[in-house]
Amino acid sequence: MTEPAVPEPPMGLLAELTYRCPLACAYCSNPIEIAAYRDELDTADWQRVVTEAAELGVLQLHLSGGEPLLRRDLADIVATASGLGLYTNLVTSALGLNEKRAAELHDAGLDHVQVSLQADEPTLSDRIAGTPSFERKIAAARTVRDLGWPLTLNVVLHRQNIDRVDRVLAAAEDLGADRIELANTQYYGWAWHNRTALLPSREQLAQAEVTVRAAKERLRGQMEIIYVVPDYYATYPKPCMGGWGARQLVVVPTGDAMPCLAAHELPLPRANVRDGSLRWIWEDSPMFSAFRGTDWMPDPCRSCERRDVDLGGCRCQAFALTGDATRTDPVCHLSPDHHLVESAVEAANADRAGETVSLPLVARPHA
Ligand code: SF4
Ligand code: FES
């Protein structure tokens, strides 16, 4: 697949409104240097970004962070997007989603709410979240249902909670969730820092997969269950974000626009919405052109029959593991760097009796 002269428009915009957050999750993918992201775009900036996104062809706006509810202007941004016909999705810890705030967002036209849960019970959930939060999350999830929104729960799975996936599913059922996303941790930001404490064993994964398969069967037509397998145990990588600059774009709190969540780490020229239009950024900026299509690929991807399927995997993972974003994602079993993933997997499967729930987690700081 060579790069087209003018790329197809993006489907979705992920607006990371702020990296401030009342939680301090150890698997957080936000950048480690959060202090560099305090100069946030203001309301008018975000309304312009959303308007330019709609003009570019974006259909879905995902409002995320950090915790987007910490932005007092969230309803104003939702109202702008909704007025432009965008489908709006709030991705939230749900702390701060009280009845008044929820009603305000509902009136502004918010279409969908996705609430993160860390576990099915307060002790573990609060430990992973780094702050007491479980009971407030459950209350907020019920408010979401009461207002008639579809409810999606989002649970990041890892070594410390994956053994409870049956109970997590039961909690979701009890809350009347329409959908649950069980996504194994991606190792960026704080999660990269905590990889040893988070990477599950093969045995844990095998058990979770049996449980999820049975639940999918039992809950068919009642609750949709999305299960994302961990990259480190896959034979081939996933086409990250549906391909670099192919379907999605991300705008971070300070206005940098990127093809994915973790591209701040890469040595690429920045593209900022304060300096250029979203259309220029999407169609012409060096940031978005860098790994679009397949022309940039080295071998083994260049000559591989799967190059149009997985697009060489994840550039940020390649960079984190090898220091070179142009290399084949080491998750791929054909990658010359695959041993880097194999050694992490071996360590996760070495005898670590008693460590499953006791390995220390380094929590990201509250910001
Ligand atoms: Fe995908 Fe590259 Fe691996 Fe082929 S070599 S399967 S294109 S990551
Ligand atoms: Fe950046 Fe995968 S997270 S390409």
Side-chain angles (χ1 to χ4, degrees), residues 1-3 7 10-16 19 27-32 62 64-65 91 156 181 183-195 198 228-252 256-271 281-282 285-342 345:
M1 184 172 70
T2 46
E3 190 184 325
M11 283 281 293
L13 167 64
L14 176 64
E16 298 201 310
Y19 285 147
Y27 58 73
C28 182
S29 62
N30 284 176
I32 305 273
H62 306 281
S64 176
V91 184
V156 176
E181 291 184 8
N184 276 281
T185 307
Q186 300 280 333
Y187 296 105
Y188 315 121
W190 289 94
W192 173 254
H193 216 60
N194 285 309
R195 192 179 65 169
L198 294 173
V228 182
V229 295
D231 280 3
Y232 277 45
Y233 284 91
T235 308
Y236 298 111
K238 294 188 264 298
C240 195
M241 302 295 282
W244 183 273
R247 295 201 195 147
Q248 314 275 341
L249 75 164
V250 179
V251 177
V252 308
D256 280 345
M258 313 182 303
C260 66
L261 294 173
H264 353 225
E265 306 286 337
L266 306 186
L268 292 173
R270 294 282 177 263
I281 288 171
W282 177 257
S285 70
M287 166 63 90
F288 277 76
S289 307
F291 302 116
R292 201 174 248 144
T294 55
D295 290 351
W296 60 272
M297 287 180 174
D299 275 323
C301 297
R302 176 176 286 278
S303 50
C304 178
E305 61 184 18
R306 284 181 58 89
R307 67 182 175 279
D308 290 319
V309 179
D310 60 42
L311 300 163
C314 175
R315 296 304 84 225
C316 301
Q317 190 148 262
F319 183 74
L321 284 159
T322 73
D324 181 352
T326 68
R327 290 184 74 78
T328 292
D329 187 337
V331 157
C332 179
H333 74 123
L334 300 172
S335 158
D337 303 308
H338 187 56
H339 61 95
L340 298 171
V341 169
E342 281 178 320
V345 167

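Atoms within each ligand, like the ligands themselves, are counted from 1 in listed order. Everything numeric in this text was worked out from a predicted model, so none of it was measured.
- Atom 2 (Fe) of ligand 1 has no N, O or S atom of C304 closer than 2.8 Å.
- The 12-atom threshold is exceeded at CZ of R195, counting heavy atoms of other residues, nucleotides or ligands nearer than 6.0 Å.
- Of all the heavy atoms of C316, the ones lying under 4.0 Å from any atom of ligand 2 are found in both the backbone and the side chain.
- Counting atoms of ligand 2 from 1 in the listed order, those under 4.0 Å from a heavy atom of C260 are 1 (Fe), 3 (S), 4 (S).
- Interface of C332 with ligand 1, defined as ligand atoms under 4.0 Å from a residue heavy atom, comprises 3 (Fe), 5 (S), 6 (S), 8 (S).
- Within the set D310, T328, V331, D308, the minimum heavy-atom distance to atom 6 (S) of ligand 1 is found for D310.
- For the pair G65 and Y19, the tightest heavy-atom approach, listed with the atom from each and the gap, is C-CD2, 4.0 Å.
- Considering only non-hydrogen protein atoms, atom 4 (S) of ligand 2 sits nearest to R315 N, 3.4 Å.
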Pair Y236-V309, side-chain contact (heavy atoms from CB on, under 4.5 Å): steps then yes or no: CA-CA 10 Å; Y236 298 111; V309 179; over 6 Å; no
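- Distance check, rounded to the nearest 0.5 Å: CG of D256 to CD of E16 gives 11.0 Å.
- Near C240, meaning under 4.0 Å from any of its heavy atoms, are these atoms of ligand 2: 2 (Fe), 3 (S), 4 (S).
- Residue D329 places no heavy atom under 4.0 Å from ligand 1.
- Close approach of ligand 1 to R306 is summarised as follows: ligand atoms under 4.0 Å from at least one heavy atom of the residue are 6 (S), 7 (S).
- Cation-pi geometry between R307 and W296 is not met at under 6.0 angstrom from the ring centre and within 45 degrees of the axis.
- By the criterion of a heavy-atom distance under 4.0 Å, the side chain of Y188, and not its backbone, is placed next to ligand 2.
- Without hydrogens or angle criteria, N194 side chain to W190 main chain gives a donor-acceptor distance under 3.5 Å.
- Atoms of ligand 1 lying under 4.0 Å from at least one heavy atom of Y236, given by number and element, are 6 (S).
- With D329 contributing its side chain and C314 its backbone, the two residues share a donor-acceptor pair below 3.5 Å.
- Listed by number with element, the atoms of ligand 2 under 4.0 angstrom from any heavy atom of C314 are 2 (Fe), 3 (S), 4 (S).
- The main-chain N or O of C301 is never found under 3.5 Å from a side-chain atom of D299 such that the two would form a donor-acceptor pair.
- Close approach to R307 involves these atoms of ligand 1, each under 4.0 Å from a residue heavy atom: 7 (S).
- A distance of 8.5 Å separates CE in M258 from CG in L14, rounded to the nearest 0.5 Å.
- Closest heavy-atom approach to atom 2 (Fe) of ligand 1 within the set P237, P300, C301: this belongs to C301.
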